[in-house]
Asks: 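One structure, pasted below without further comment.
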Amino acid sequence: MSVALWVVVPYVALTVFVVGHVWRWRVDQFGWTTRTTQVLESRLLRLGSPLFHLGAFAAIGGHVLGLLIPKSLTEAVGVDEHLYHLVSVSAGTVAGLMVIAGLALLLARRFTSPRVRRTTTRTDKILFTVLAVVILLGMTATVGKNLLGGGYDYRATIAVWFRGVLTFRPDPGLMADVPLIFQLHALSAWVLAAIWPFTRLVHVWSAPIAYLWRPYVVYRRRTPLGVRR
């Protein structure tokens, strides 16, 4: 069971993640979009979308720092365990609250506006459910265990296991004594990764980064019809 949960599940999810994106791009390029509904309702979207996206970016940045950067490296630059715990818990709590507030507004908008609700697909409902589970489990782990509880040093176990998965040297034994809430959060994250290519989340890979260095667009006044004649 340990190998199935902490070796098989991650690699199945990663395989589906990669192959699914390739398949989606080849067969559904016109569907590679977030299917915006801004023209249908903008009041709640104007508040919920920035909250959700900024909170999500902060949460992802925190996960990258905690999972991919070894504990020895942060200690080498003078960040001890107490300082890291203080910053990660406070920043993680703020980011989590932003994500929850933003997602709540977006879901309220989607299910209270008849026009927006009609654009909601079955895939959207599955995505919103999995996304909500991932976020709530993560917040429970952050607030319940690391903020209000005794704390848990996930960088000594979960982070090492995760880097081992990415380098094809997974050690499922590292996850054996991890608190249940962290285990559930990790498993739900793999589920999210597996369904990612088949949902509107693919739009994150289409950020208009080239906009930053593309040439200026020159607009010219159209010659009036009478002048042309």
Side-chain angles (χ1 to χ4, degrees), residues 10 13-14 16-18 20-21 24 31-38 41-69 84 87-111 113 116 119-121 123-147 154-155 158-159 162 165-166 181-209 211-212:
L14 287 173
V16 175
F17 182 85
V18 174
H21 276 93
R24 179 78 180 269
W32 191 284
T33 173
T34 185
R35 297 194 301 277
T36 179
T37 55
Q38 183 177 1
E41 196 282 334
S42 60
R43 183 175 59 88
L44 291 176
L45 182 66
R46 192 179 300 116
L47 179 60
S49 182
L51 274 174
F52 177 79
H53 286 90
L54 291 177
F57 291 149
I60 292 171
H63 280 73
V64 170
L65 177 63
L67 295 178
L68 297 184
I69 298 181
Y84 176 86
V87 174
S88 65
V89 170
S90 57
T93 301
V94 172
L97 291 176
M98 290 176 63
V99 172
I100 291 175
L103 182 61
L105 287 172
L106 294 177
L107 291 178
R109 168 184 177 271
R110 185 161 294 275
F111 292 107
S113 173
V116 178
T119 67
T120 305
T121 65
T123 303
D124 290 334
K125 296 177 181 179
I126 295 175
L127 170 63
F128 297 148
T129 302
V130 174
L131 198 58
V133 170
V134 173
I135 294 170
L136 292 177
L137 288 173
M139 278 297 291
T140 303
T142 300
V143 176
K145 194 68 178 179
N146 285 338
L147 182 61
Y154 58 86
R155 293 193 297 166
I158 301 175
F162 183 74
V165 171
L166 297 183
I181 188 65
F182 286 93
Q183 292 181 338
L184 294 176
H185 180 55
L187 291 173
S188 64
W190 288 123
V191 174
L192 179 62
I195 68 172
W196 188 302
F198 314 104
T199 68
R200 62 176 63 228
L201 288 181
V202 293
H203 79 280
V204 304
W205 312 120
S206 301
I209 300 177
Y211 177 83
L212 299 175

Asks: When rounded to the nearest 0.5 angstrom, what is the spacing between CZ in F52 and CG in L45?
Replies: 12.0 Å
Asks: Given side chains that start at C-beta, do those of I181 and L137 come closer than 4.5 Å, heavy atoms only?
Replies: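 A side-chain contact exists here, since the closest heavy-atom pair is under 4.5 Å.
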Asks: Please give me the minimum heavy-atom distance between T119 and V116, naming the atom from each residue.
Replies: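 In terms of heavy atoms, the two residues are closest at OG1-O, 2.6 Å.
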Asks: Using the test ring pair (Phe, Tyr, Trp, His ring centres under 6.0 Å), find all partners of F182 that sit at least two apart in sequence or belong to another chain.
Replies: Y152
Asks: Hey, what do you get for CG (L192) to OG1 (T129), rounding to the nearest 0.5 Å?
Replies: 11.5 Å
Asks: To the closest 0.5 Å, what do you measure between NE2 (H185) and CE (M139)?
Replies: 11.0 Å
Asks: For L106 and S49, work out which heavy atoms get closest and say how close.
Replies: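 Scanning both residues, the minimum pair turns out to be CD2-N, 3.8 Å.
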Asks: In Å, rounded to the nearest 0.5 Å, how long is the span from CG of L127 to OG1 of T121?
Replies: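 L127 CG to T121 OG1: 8.5 Å, rounded to 0.5 Å.
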Asks: Looking at V87, is its backbone amide N or carbonyl O close enough to the side chain of S90 to form a donor-acceptor pair, meaning the two atoms are under 3.5 Å apart?
Replies: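 Yes; judged by distance alone, with no hydrogens or angles, the pair exists.
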Asks: If you compare all heavy atoms of G20 against all heavy atoms of P197, which two are closest, and at what distance to 0.1 Å?
Replies: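 Looking at all heavy atoms of both residues, the shortest contact is C-CB, 3.4 Å.
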Asks: Measure across A13 and W190 and return the closest heavy-atom pair with its distance rounded to 0.1 Å.
Replies: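 Minimum heavy-atom separation between A13 and W190: CB-O, 3.5 Å.
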Asks: I need the minimum non-hydrogen distance between G66 and A159, along with the two atoms involved.
Replies: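 In this case the closest contact between G66 and A159 is O-CB, 3.5 Å.
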Asks: One pair to check against side chain to side chain contact (heavy atoms under 4.5 Å, CB included): V191 and V133. What are the steps and the verdict?
Replies: CA-CA 10 Å; V191 174; V133 170; over 6 Å; no
Asks: Under 4.5 Å between any side-chain heavy atoms of R110 and L44, yes or no?
Replies: no
Asks: Look at the side chain of R24 and the backbone N and O of T199, then say whether any donor-acceptor pair between them is shorter than 3.5 Å.
Replies: yes
Asks: Minimum heavy-atom separation for H203 and T33, please, with both atom names.
Replies: CB-C, 4.0 Å
Asks: What distance do L103 atom CG and H53 atom NE2 have between them, rounded to the nearest 0.5 Å?
Replies: 11.0 Å
Asks: Return yes when atom CZ of F111 has more than 12 non-hydrogen atoms of other residues, nucleotides or ligands closer than 6.0 Å, and no otherwise.
Replies: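 Check passes, neighbour count above 12.
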Asks: Supply the atom-to-atom distance I100 CD1 to L107 CG, rounded to the nearest 0.5 angstrom.
Replies: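 That separation rounds to 11.5 Å.
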Asks: Using modelled atom types and a 3.5 Å cut-off, is there a donor and acceptor pairing between side-chain atoms of W196 and backbone atoms of F17?
Replies: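 Such a contact is absent between W196 side chain and F17 backbone.
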Asks: Fit a plane to each ring of H21 and W205, take the angle between them on a 0 to 90° scale, and name the class: parallel (under 30°), tilted (30 to 60°) or perpendicular (over 60°).
Replies: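 Ring orientation of H21 relative to W205: perpendicular.
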